[in-house]
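Here the structure is laid out as structure tokens; the discussion comes afterwards.
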Amino acid sequence: MVLDKIREKMEEKGIDLLIIYDREGCTPSLFYVTGFKGEDGVSLISRDKAYLIVDSRYYAQARKELFPSITMVELGKKKTWEMIKKILDDVKPEKVSFEGSRLSYKNYEKLKEIADGAELLPGDELITDLRKIKTQEEVSKIEVAIKVAQDAFNEMLNYVKVGIKERELAAILEFEMKKRGAERPAFDTIIASGWRSALPHGKASEKNIEEGDLIVVDFGAKVDGYNSDLTRTIGVGKVSDKAKEVYEIVRTAQQTACEAARAGMLAKELDTIARKIIDEAGYGENFGHSLGHSIGLEVHEGPIVSASNEDILPSGSVVTIEPGIYIEGEFGIRIEDDVLLTEKGSKCLSSLPRDLMIF
Ligand SMILES: [Mn+2]
């Protein structure tokens with residue numbers, strides 16, 4: 001199915017061969033196109049054939065995981081580029097495409113060397129355009145990744161108290177996600193308390209949770225290849241009135257954007273809905289990042305929901321909606337949910353309460 005769609009796009013653009021070159025998991029497109037979950041492999045897609053080259057570490061795994069339309073090529077004692085050349089000599093392409101944002105310069109030079117004069121052109125969009133629109137099966141996998149993360153978060157809340165370290169809370173959260181089936185956290189868990197909560201990407205540190213702290217918890221699980229990405233801000237003890245006030249602004253902005261989101265909007269229109277509320281409350285300067293991004297095989301993928309992105313949000317995309325207000329030296333607040341966009345509107349896939357929880 002994916003392969004058919006890629007070939008349609010290849011034909012439109014006159015591309016005879018597409019190379020997906022993965023080293024140490026640098027491109028999730030390899031899994032998307034071939035079904036292979038290993039971290040090293042090269043796929044070559046021509047108009048009528050599709051190959052995956054793997055070395056002996058992965059023969060058994062690839063045999064199990066590969067989609068039936070992909071032929072496994074055992075590398076044996078050959079070098080990867082020798083094998084790629086062999087297939088190139090057989091296909092004799094005039095135009096060869098590759099992922100320009102993934103193939104290293106060094107490997108691009110190697111490709112040029114063996115391409116025998118074929119035109120080389122980056123073609124990331126051959127795959128990323130498809131990845132923007134999630135199938136029902138992909139949405140279900142994201143929903144599982146969300147459930148695992150939410151259940152683990154709820155368990156972690158039992159440990160929130162003055163004196164515990166941010167890093168200890170992060171470890172509990174990550175352990176609880178793995179216990180529930182996560183391959184790993186979707187990214188390094190952000191637990192940022194007190195003054196650190198004003199750092200939008202404050203990874204969990206050695207800081208202890210203190211009386212009166214707000215804690216930004218930004219976390220996600222990777223399950224069966226797919227990621228979730230959620231944020232809640234919680235309080236400990238006597239939280240200041242100012243913090244509570246600002247919390248309500250973020251909450252209103254976030255909820256309004258979640259409810260208004262739908263496919264067919266420009267990405268920047270959605271960003272504006274939340275940004276306007278924060279601007280009008282006088283905190284525009286304190287919301288420096290984009291409203292959100294798409295999730296799927298990667299935690300950050302396109303389309304990005306930013307003030308400058310004029311792309312249309314397609315039906316079937318799953319985006320995060322995560323406005324925040326950060327006041328340096330004082331505190332920060334962010335709330336993030338994962339939302340499926342359809343023509344009819346939005347469906348919030350995550351379901352943690354948005355009320356400020358105080359422990
Ligand atoms: Mn996010």
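We're numbering straight along the sequence, starting at 1. Note that ligands are numbered from 1 as they come in the structure, with each ligand's atoms numbered from 1 the same way.
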Residue and atom, protein N/O/S, under 2.8 Å of the Mn ion (ligand 1)
Asp229 OD2, His293 NE2, Glu322 OE2, Glu336 OE2
Does the plane of the ring in Phe153 sit parallel, tilted or perpendicular to the ring in Phe219? Use 30° and 60° as the thresholds.
parallel
Option from Asp337, Leu230, Val318 for which side chain to side chain contact (heavy atoms under 4.5 Å, CB included) with Leu349 holds:
Val318
So does Glu166 pair up with Arg196, basic N to acidic O under 4.0 Å?
yes
Should the pair Glu176-Arg180 be classified as a salt bridge under the 4.0 Å nitrogen-to-oxygen rule?
yes
Do Phe98 and Tyr108 have ring centres separated by under 6.0 Å?
yes
In a check of side chain to side chain contact (heavy atoms under 4.5 Å, CB included) between Leu291 and each of Val305, Asn309, Ile278, Ile304, which one passes?
Val305
